[in-house]
Amino acid sequence: MSSFRIILTLAVMATLAGCGFRPLYGGSENAAINSQLGAIRIATIEDRVGQKIHNLLLDRLNPLGRPQSPLYTLSLTAQISKAEIGLKFTEVATRAKLTLSANYFLTDNQSGAILTEGTVRSVNSYNIPDSEFARVAAENDATDRAAREISDEVRTRLSLLFSKQGQ
């Protein structure tokens, strides 16, 4: 049984090596991607949701601290919308949908050229309880989840951009 597992493991590794698979993050091969991500200055983003996204992006892109002489600048604008989607018979809303959209631009600081731009979106829902405090807490939690998803998606897209440049 153990020899079967060894053969199966070797077969899977050979298949992955043959298809050109390589992990996007981590490992010595991807130090260049992490280095380029670390050279991004994140421009200030307006309002409280923007601050949350900004801080999450700092953690994801600049884990060693802000770059002294950044090569790139990431600009982002965020828009949030809410819609009530669940109704009781009394026409009182019981559920809401929160949509957070962000447009981003990555600019080369030396040439001023826009290297990439795009839009990311996160949709979350939350319950609307009778208590005002519980409603605010549920809405804040949905906003936090959306901000995390936005920052993760932006990091992934930037990593893919730098990965393609390195090939």
Side-chain angles (χ1 to χ4, degrees), residues 19 21-26 30 33-67 70-109 111-167:
C19 74
F21 172 80
R22 73 173 210 235
L24 185 59
Y25 307 115
N30 297 313
I33 294 172
N34 292 330
S35 173
Q36 287 183 303
L37 289 173
I40 296 174
R41 181 182 77 79
I42 304 162
T44 303
I45 308 168
E46 293 183 14
D47 69 34
R48 181 65 185 136
V49 175
Q51 289 175 345
K52 289 179 181 184
I53 296 170
H54 182 270
N55 291 338
L56 288 164
L57 284 169
L58 280 175
D59 291 343
R60 284 154 176 74
L61 301 179
N62 308 121
L64 301 176
R66 293 184 176 158
L71 301 174
Y72 313 102
T73 298
L74 178 66
S75 302
L76 194 133
T77 57
Q79 305 84 32
I80 196 163
S81 65
K82 299 172 215 156
E84 296 177 348
I85 56 175
L87 297 174
K88 291 182 183 178
F89 289 114
T90 59
E91 296 186 18
V92 174
T94 59
R95 193 119 176 104
K97 178 175 77 169
L98 182 137
T99 304
L100 178 60
S101 299
N103 298 319
Y104 67 91
F105 303 90
L106 183 68
T107 307
D108 184 317
N109 288 345
S111 68
I114 294 177
L115 301 176
T116 188
E117 60 184 293
T119 301
V120 291
R121 190 174 94 149
S122 174
V123 179
N124 285 275
S125 61
Y126 59 95
N127 288 331
I128 303 175
D130 294 332
S131 164
E132 181 67 19
F133 176 78
R135 184 196 62 77
V136 170
E139 186 176 320
N140 286 340
D141 183 56
T143 303
D144 290 346
R145 286 193 314 265
R148 273 193 307 276
E149 290 173 11
I150 293 289
S151 63
D152 287 341
E153 182 64 23
V154 168
R155 183 182 195 276
T156 299
R157 290 185 184 190
L158 295 177
S159 297
L160 289 171
L161 170 74
F162 292 134
S163 174
K164 289 177 185 176
Q165 287 178 352
Q167 291 181 355

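Pairs of residues two or more places apart, or lying in two chains, that qualify as salt bridge (charged side-chain N to carboxylate O under 4.0 Å, His left out) and include a residue from residues 48-61 are Lys52-Asp144, Arg60-Asp152. Within the structure, salt bridge (charged side-chain N to carboxylate O under 4.0 Å, His left out) pairs that include any residue of residues 133-143 comprise Lys82-Glu139, Glu132-Arg135, Arg135-Glu139, Asp141-Arg145 (at least two apart or interchain).
In terms of heavy-atom proximity, Ser122 sits nearest to Ala146 at OG-CA, 3.4 Å. Between Gly50 and Ile45, the shortest heavy-atom distance links the atoms CA-CG2, 3.4 Å. Nearest heavy atoms, Asn127 versus Ala138: O-CB, 3.7 Å. Taking all atoms of both residues into account, the shortest heavy-atom contact from Ala102 to Ile150 is CB-CG2, 3.9 Å. Nearest heavy-atom pair across Tyr104 and Arg157 is OH-CD, 3.0 Å. Residue Ala78 comes nearest to Ile53 through the heavy atom pair CB-CD1, 4.0 Å, listed as atom of the first residue, atom of the second, then distance.
Side-chain contact check for Arg155 versus Leu37: some heavy-atom pair is nearer than 4.5 Å. Taking the side chain as every heavy atom from C-beta outward, Asn103 and Thr119 approach each other to under 4.5 Å. Under the 4.5 Å side-chain criterion, counting only non-hydrogen atoms from C-beta, Asn34 is not in contact with Phe162. A 4.5 Å side-chain heavy-atom check between Leu100 and Thr143 finds every atom pair outside the cut-off. Between Glu84 and Ile128, the closest side-chain pair of non-hydrogen atoms falls below 4.5 Å. Taking the side chain as every heavy atom from C-beta outward, Ile80 and Asp47 never approach each other to under 4.5 Å.
Partners of Asn55 by side-chain hydrogen bond (donor to acceptor under 3.5 Å, both in side chains), not counting sequence neighbours: none found.
If you take CD1 on Ile114 and CG on Asp108, they are separated by 11.0 Å, rounding to the nearest 0.5 Å. With rounding to the nearest 0.5 Å, the separation of CG in Leu76 from CG in Leu106 is 11.0 Å. One finds the CG atom of Leu61 at 4.5 Å from the CD1 atom of Ile42 (value rounded to the nearest 0.5 Å). Here the OH atom belonging to Tyr126 is positioned 10.0 Å from the CZ atom belonging to Arg95, to the nearest 0.5 angstrom. Separating the CG atom in Leu161 from the OG1 atom in Thr116 is a distance of 5.5 Å, to the nearest 0.5 Å. How far OG of Ser159 is from CD of Gln36: 10.0 Å, rounded to the nearest 0.5 Å.
Within a 6.0 Å sphere centred on CD of Glu46, heavy atoms belonging to other residues, nucleotides or ligands number 12 at most.
Side chain of Asn62 to main chain of Ile40: a donor-acceptor pair is present (N/O by atom type, distance under 3.5 Å, no hydrogens or angles).
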